[in-house]
Peer 1: 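Please see the structure below; I have some questions.
Hydrogens, waters and symmetry mates play no part in the numbers below; they use all other heavy atoms, side chains included.
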Amino acid sequence: MSVSRIGPTRRGLLVSAAAAAILPTRVFSQNGPDDQERTDVKIRLIFDTHTMTATLYDNPSARDFVSMLPLQLEIDDFGSNEKIAYLPRKLTVDGHGPFSNERPYDLCYYMPWGNLAMFYADYKHPGLVRLGRFDDGYKALHVRGKFPLRIERIQ
């Protein structure tokens with residue numbers, strides 16, 4: 001007479017526990033870089049006569065960015081799809097990962113140069129960390145020119 005097991009074996013449970021301890025947490029996460037959690041942290045960006053708002057995502061780079069606010073920077077055109085502004089220091093990039101659902105009006109951090117990248121048209125580049133998404137006033141990104149820029153936390 002043979003006895004059949006129902007449910008997981010002790011060996012299977014031990015292997016699963018060991019894998020969970022060894023593999024990176026984001027492998028088991030429901031939210032990867034393509035599906036980031038929005039926070040309730042909102043920022044205001046003001047240049048020329050324009051005001052934009054953005055909601056930040058929950059990642060180490062965005063939290064580091066918020067710790068620097070308020071900021072007085074300069075916003076300028078770059079290429080035909082974005083405006084950029086250089087930060088006073090580089091942000092942490094701990095926990096960043098590539099994402100594939102890029103779209104206009106994303107607020108990103110460009111790791112090699114240490115600048116904000118504010119996209120108003122399609123884009124794709126591997127050196128970016130997405131910080132958030134513009135909510136309102138983002139059409140101002142289409143205004144050509146170089147302007148003083150103030151960035152502040154709203155909430």
Peer 1: With Y138, which residues qualify under side-chain hydrogen bond (donor to acceptor under 3.5 Å, both in side chains), at least two apart?
Peer 2: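 Y138 satisfies side-chain hydrogen bond (donor to acceptor under 3.5 Å, both in side chains) with no other residue.
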Peer 1: Would you call L91 and V129 a side-chain contact if the rule is heavy atoms closer than 4.5 Å?
Peer 2: no
Peer 1: Please report the shortest heavy-atom distance between A121 and P104, naming the atom on each side.
Peer 2: C-CG, 3.7 Å
Peer 1: Looking at side-chain heavy atoms only, is the closest gap between Q72 and P148 below 4.5 Å?
Peer 2: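 They are not in contact (no side-chain heavy atoms under 4.5 Å apart), so the answer is no.
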Peer 1: Should E37 and Y57 be marked as a side chain to side chain contact (heavy atoms under 4.5 Å, CB included) after you check the CA-CA gap, both sets of side-chain angles, and the distance that decides it?
Peer 2: CA-CA 6 Å; E37 287 288 323; Y57 290 130; over 6 Å; no
Peer 1: How close do G127 and P112 get, heavy atom to heavy atom, and via which atoms?
Peer 2: O-CD, 3.7 Å
Peer 1: Sequence neighbours excluded, which residues qualify as side-chain hydrogen bond (donor to acceptor under 3.5 Å, both in side chains) partners of H142?
Peer 2: Y105
Peer 1: For R89 and D64, which heavy atoms make the closest approach, and how far apart are they?
Peer 2: NH2-OD1, 2.7 Å
Peer 1: Which salt bridge (charged side-chain N to carboxylate O under 4.0 Å, His left out) pairs, counting each pair once, include a residue from residues 45-56, with sequence neighbours left out?
Peer 2: none
Peer 1: Decide side chain to side chain contact (heavy atoms under 4.5 Å, CB included) for F119 and L128; before the verdict, give the C-alpha distance in whole Å, the side-chain angles of both, and the deciding distance to 0.1 Å.
Peer 2: CA-CA 12 Å; F119 293 97; L128 295 167; 3.9 Å; yes
Peer 1: Answer yes or no: is there a side-chain heavy-atom contact under 4.5 Å between Y123 and E82?
Peer 2: no
Peer 1: For residues 73-81, please give each side-chain donor-acceptor pair under 3.5 Å, one per line with the distance, not counting sequence neighbours.
Peer 2:
unit_1, atom_1, unit_2, atom_2, d
D77, OD1, K83, NZ, 2.5
D77, OD2, G145, N, 2.6
N81, ND2, D122, O, 3.0

Peer 1: Under the rule for side chain to side chain contact (heavy atoms under 4.5 Å, CB included), what residues qualify as partners of R63, not counting sequence neighbours?
Peer 2: D58, P60
Peer 1: Let me confirm one number: the CZ-CG distance from R44 to D136, rounded to the nearest 0.5 Å.
Peer 2: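 Spacing of CZ (R44) from CG (D136) equals 10.5 Å.
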Peer 1: For K42, give me all partners under salt bridge (charged side-chain N to carboxylate O under 4.0 Å, His left out), at least two apart in sequence or on another chain.
Peer 2: D135
Peer 1: Which heavy-atom pair separates M111 from K90 by the least distance, and what is that distance?
Peer 2: O-NZ, 3.4 Å
Peer 1: Test of understanding: clusters of I, L, V, M, F, W, Y form through side-chain heavy atoms closer than 4.5 Å, transitively. Do L45 and I154 belong to the same one?
Peer 2: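 Shared cluster, no.
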Peer 1: Would you say the side chain of T55 lies within less than 4.5 Å of the side chain of R133, judging by non-hydrogen atoms?
Peer 2: no
Peer 1: How long is the gap from CG on L131 to CG on L107, to the nearest 0.5 Å?
Peer 2: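 Going from the CG atom of L131 to the CG atom of L107 covers 5.0 Å.
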Peer 1: Can you name the residues that form a ring-ring contact (aromatic ring centres under 6.0 Å, His included) with Y86, not counting sequence neighbours?
Peer 2: none
Peer 1: Using the rule that two of Ile, Leu, Val, Met, Phe, Trp, Tyr join whenever any of their side-chain heavy atoms come within less than 4.5 Å, decide whether I46 and L71 are in one cluster.
Peer 2: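 They do not share one cluster, since no chain of ILVMFWY contacts under 4.5 Å joins I46 to L71.
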Peer 1: Return the CZ to CE distance between F134 and M52, rounded to the nearest 0.5 Å.
Peer 2: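 Answer for the CZ-CE pair, F134 versus M52, is 4.5 Å.
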Peer 1: With R153, which residues qualify under salt bridge (charged side-chain N to carboxylate O under 4.0 Å, His left out), at least two apart?
Peer 2: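 If we apply the salt bridge (charged side-chain N to carboxylate O under 4.0 Å, His left out) test to R153, skipping adjacent residues, there are no hits.
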Peer 1: side-chain hydrogen bond (donor to acceptor under 3.5 Å, both in side chains) with T92: which residues, sequence neighbours excluded?
Peer 2: D94
Peer 1: Would you mind listing every side-chain hydrogen bond (donor to acceptor under 3.5 Å, both in side chains) that reaches into residues 109-120, with sequence neighbours excluded?
Peer 2: Y120-R144
